[in-house]
Visitor: 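I have a structure here, written as structure tokens, and I will follow up with some questions on it.
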Amino acid sequence: MHHVLCATLFIVIINVHLTSTQLNIRKIQHNDNTRRQQQRNRKSEPYDQYSHLTDTGEVSDQLKYYTHSFEQKVRETVRDEEYMLKNLWYDPEYVIHDLCEPHKSGGQTGELKWSESGDRLLKVIGNGVVEDGYNMFMAPGQSQGKRTDVHVAVYIESMSSFKAQSMDFEVDMYLAMGWFDRRLAHNCTHPILVTSKLIADRIWYPDLYFVNSKYAYLQEVTTPNLMVIVYPDGLIFKTMRLDVTLSCMMDLKLFPLDYQECPLTIQSFAYIEQIVNLTWRDDPPNFPIGFNPDIKLNDMQITNKRFVKCAGPYPMFRGEAAWSCIQGYIVMKRLVLFHIIQTYIPTGMLVSISWMSFWLDPRASPARISLTITSLLTLTTMSNGARQDLPQVSYIKALDIWLTFSQALIFLVLLEYSFVSYYMTKRTTDCSHRNMFYEERVQECKREEKARKSIVNNNKPVIANNTEGSDLNRNKKSQQFSLTHGISACLNESSALMSVTPVPSRLFTKFDTNKPCARCSEKNERIAFKIDEYSRWLFPTVFSLFCVSYWLYFTWRSSASEG
């Protein structure tokens, strides 16, 4: 009997053990099935991996401390407290989202030492529109009737040469924006980093554009250069790398001694000023506009920068509206050394070479004309080359004044030789000193002729006999011979032969009116040499005075325009 009871008890124990084992196996199978179902659910709904976290709507003490410390810093740095706490949409008592585990929450700091993955935000933003929750199509404070202040900063990585012909320049820069969106506040210790456009496009961001851009694009090598950081208190920091070609309407009146102010105008495309207000992030020296210290431009040097706030009404089909915009001006000075080497020195040398004709013999016409014409044509070619990269503006540039004056000086050198050549080749046949001498000789000859006629008439006797008549005829012939002899004597005078004053042909039948006067020709040569002698010091003096006045005046104008 004892053995039977033992065997029965043993069988019962075995049955109980088997039953418990089956129950454990079923439980394990159930757990496995549950785990598999959860895995399948996670595959179908990958965003539920943080489903165990709940949004309690409460602000932890750690996050409150961080928020109040941030508010205290704002009060210390911003003088206009009313603007910061009222116009800026910043509510210290905001509702946060539990997006991180307890051991990853609390102890928030302002430094970026670590970051959480961007997919944590998907619980809040969903596909961009969540019922009774986040809406990517509304600005952060739009539902509360408050505007959103967007702070903008620019860091210029590189700049290309400024093209005066097309009046534009290219900029490779980082565009940074910052605003508060309390709808994305979270309890994570570290900020949430978003690098995927898939997630970034589901977050509201201001629709900024460059007003004066000709062409712009986002760099996408090797991935789209985009970064969004969401801080625990709802501060959104977004930065992207852009290549932008900006127009710059340059004033070239002082070219190449000019200063240029090229604008960088940023504006919201769709949101009016009452919804989105743009301001520069004023935190020098890095913000609002920072530069890579290794930037080196070919012909420009960045000297200064300034920033203004611009806003104005735009006419609509019905009424008008105001859009907020900001402008940053980059002040640059043109490097003039290139133009001095390529333009000013060569043109000055050409002008100086043209003066060498003053030391050449005035009779060497081919040498003097060739030298002057060659200098003028060379200067004209250089002027066209210097102006080919400049736009066809309707005003006079400083370079135009230099080139025009240089061309005018070489032209005057050619004109000077025209006067010299005129006096060297002048054939003077009617000169004053020879006319005076000629008139005196004519009057003397006429007086002698008149005296002889009077003698002949007064001494004419009555013919009494043939002897006396024959004597008178001999005396008359003698008197006639003397008259002819006197006229011949007048004609043999060399000075009378050189005269061009018209005289009776019967008195001066051998007079040459085309023969130049030697004394006058010598005088004309002396005048030509005097012109060359005066030009040797007059032209260099005028050019030197022009150079000094030119550089002093335009340097002063350039400094005044910079100030």
Side-chain angles (χ1 to χ4, degrees), residues 159-171 212 214 245-264 296-306 329-355 374-415 539-563:
M159 300 174 65
S160 66
S161 299
F162 287 71
K163 302 175 184 177
Q165 181 67 34
S166 56
M167 289 194 176
D168 58 17
F169 63 102
E170 296 181 2
V171 180
N212 60 324
K214 293 183 177 180
T245 301
L246 301 172
S247 63
C248 178
M249 303 308 296
M250 303 180 187
D251 186 2
L252 301 175
K253 293 180 181 178
L254 301 179
F255 180 88
L257 303 172
D258 55 333
Y259 281 83
Q260 299 297 337
E261 288 188 352
C262 293
L264 184 68
K296 292 183 180 179
L297 302 176
N298 294 335
D299 57 345
M300 303 291 284
Q301 180 182 3
I302 300 174
T303 59
N304 197 6
K305 52 187 177 181
R306 62 185 183 91
Y329 290 91
I330 304 174
V331 183
M332 291 163 294
K333 177 184 178 182
R334 195 178 302 276
L335 301 178
V336 72
L337 182 60
F338 170 80
H339 300 279
I340 290 177
I341 296 175
Q342 296 294 326
T343 304
Y344 286 95
I345 292 179
T347 53
M349 293 174 61
L350 286 174
V351 174
S352 303
I353 288 174
S354 66
W355 301 337
T374 302
S375 301
L376 184 60
L377 294 178
T378 305
L379 182 59
T380 303
T381 303
M382 293 183 62
S383 301
N384 295 334
R387 296 189 181 102
Q388 68 180 359
D389 294 333
L390 299 176
Q392 297 179 357
V393 295
S394 59
Y395 49 81
I396 298 176
K397 302 180 287 293
L399 184 64
D400 295 335
I401 296 176
W402 176 273
L403 296 176
T404 302
F405 190 84
S406 300
Q407 289 176 328
L409 276 183
I410 298 180
F411 175 77
L412 290 178
V413 172
L414 184 61
L415 189 63
F539 277 78
T541 302
V542 171
F543 187 69
S544 300
L545 292 176
F546 168 74
C547 291
V548 174
S549 303
Y550 178 89
W551 288 106
L552 288 178
Y553 174 75
F554 284 105
T555 302
W556 169 75
R557 283 284 305 274
S558 179
S559 302
S561 64
E562 181 187 11

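Given the structure is predicted, the values throughout are model-derived calculations rather than measurements.
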Visitor: Report the C-alpha separation of L252 and Q260 in whole Å, then their side-chain angles, then the decisive distance to 0.1 Å, and conclude whether the side-chain contact (heavy atoms from CB on, under 4.5 Å) test is met.
Guide: CA-CA 9 Å; L252 301 175; Q260 299 297 337; 3.9 Å; yes
Visitor: List in chain and number order the residues that pass ring-ring contact (aromatic ring centres under 6.0 Å, His included) with F169, two or more places apart in sequence or in another chain; answer none if no residue qualifies.
Guide: F162
Visitor: Under 6.0 Å from the ring centre and within 45 degrees of the ring axis: does the NZ or CZ of K397 meet both conditions for the six-membered ring of F255?
Guide: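 Output no; distance or angle outside limits.
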Visitor: Within a strict 4.5 Å, meaning less than it, do heavy atoms of the T380 and Q407 side chains meet?
Guide: yes
Visitor: Kindly give the heavy-atom pair with the smallest separation between A386 and L399, and that separation in Å.
Guide: CB-CD2, 4.1 Å
Visitor: Go through the steps for D251 and Y395 under the test side-chain contact (heavy atoms from CB on, under 4.5 Å), then give the verdict.
Guide: CA-CA 10 Å; D251 186 2; Y395 49 81; 4.0 Å; yes
Visitor: Counting N and O atoms only, with roles assigned by atom type, does the side chain of S160 sit under 3.5 Å from a partner on the main chain of E170, one being a donor and the other an acceptor?
Guide: yes
Visitor: So how far is it from M300 CE to K333 NZ, rounded to the nearest 0.5 Å?
Guide: 11.0 Å
Visitor: Using distance only, find each side-chain donor-acceptor pair of residues 539-548 under 3.5 Å and give its atom names and separation, not counting sequence neighbours.
Guide:
| residue | atom | partner | partner atom | Å |
| --- | --- | --- | --- | --- |
| T541 | OG1 | W537 | O | 2.5 |
| S544 | OG | P540 | O | 2.8 |

Visitor: Just to verify, which of P391, C248, C262 counts as forming a side-chain contact (heavy atoms from CB on, under 4.5 Å) with M167?
Guide: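 Exactly one candidate clears the test, P391.
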Visitor: State, yes or no, whether a side-chain contact exists between W551 and L257 at a heavy-atom distance under 4.5 Å.
Guide: yes
Visitor: Kindly write out the residues that satisfy side-chain contact (heavy atoms from CB on, under 4.5 Å) with D299, not counting sequence neighbours, or none if the list is empty.
Guide: S161, R334
Visitor: Show your working on side-chain contact (heavy atoms from CB on, under 4.5 Å) between D258 and M250 and close with a plain yes or no.
Guide: CA-CA 9 Å; D258 55 333; M250 303 180 187; 5.8 Å; no
Visitor: State which residues pass side-chain contact (heavy atoms from CB on, under 4.5 Å) with L415; sequence neighbours excluded, sorted by chain then number.
Guide: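 With neighbours one apart ignored, the set is L412, F419.
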Visitor: Do L337 and I341 have side chains that get closer than 4.5 Å, going by heavy atoms?
Guide: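 Side chain of L337 against side chain of I341, heavy atoms only: contact under 4.5 Å found.
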Visitor: For F554, is there any backbone N or O sitting under 3.5 Å from a side-chain donor or acceptor partner on S558?
Guide: no
Visitor: Please check if the number of heavy atoms outside I396 that lie under 6.0 Å from its CD1 is greater than 12.
Guide: no
Visitor: Taking side-chain contact (heavy atoms from CB on, under 4.5 Å) as the test, write out the residues that go with S247, two or more places apart.
Guide: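 In terms of side-chain contact (heavy atoms from CB on, under 4.5 Å), with neighbours along the sequence ignored, S247 is linked to N212, K214.
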Visitor: What's the shortest heavy-atom distance between V413 and S354, and which atoms?
Guide: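 Looking at all heavy atoms of both residues, the shortest contact is CG1-O, 3.5 Å.
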Visitor: Any pair with a residue in residues 335-348 that passes side-chain hydrogen bond (donor to acceptor under 3.5 Å, both in side chains), sequence neighbours left out, goes on the list, sorted by first then second residue, please.
Guide: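 Found Y344-Y550, T347-W402.
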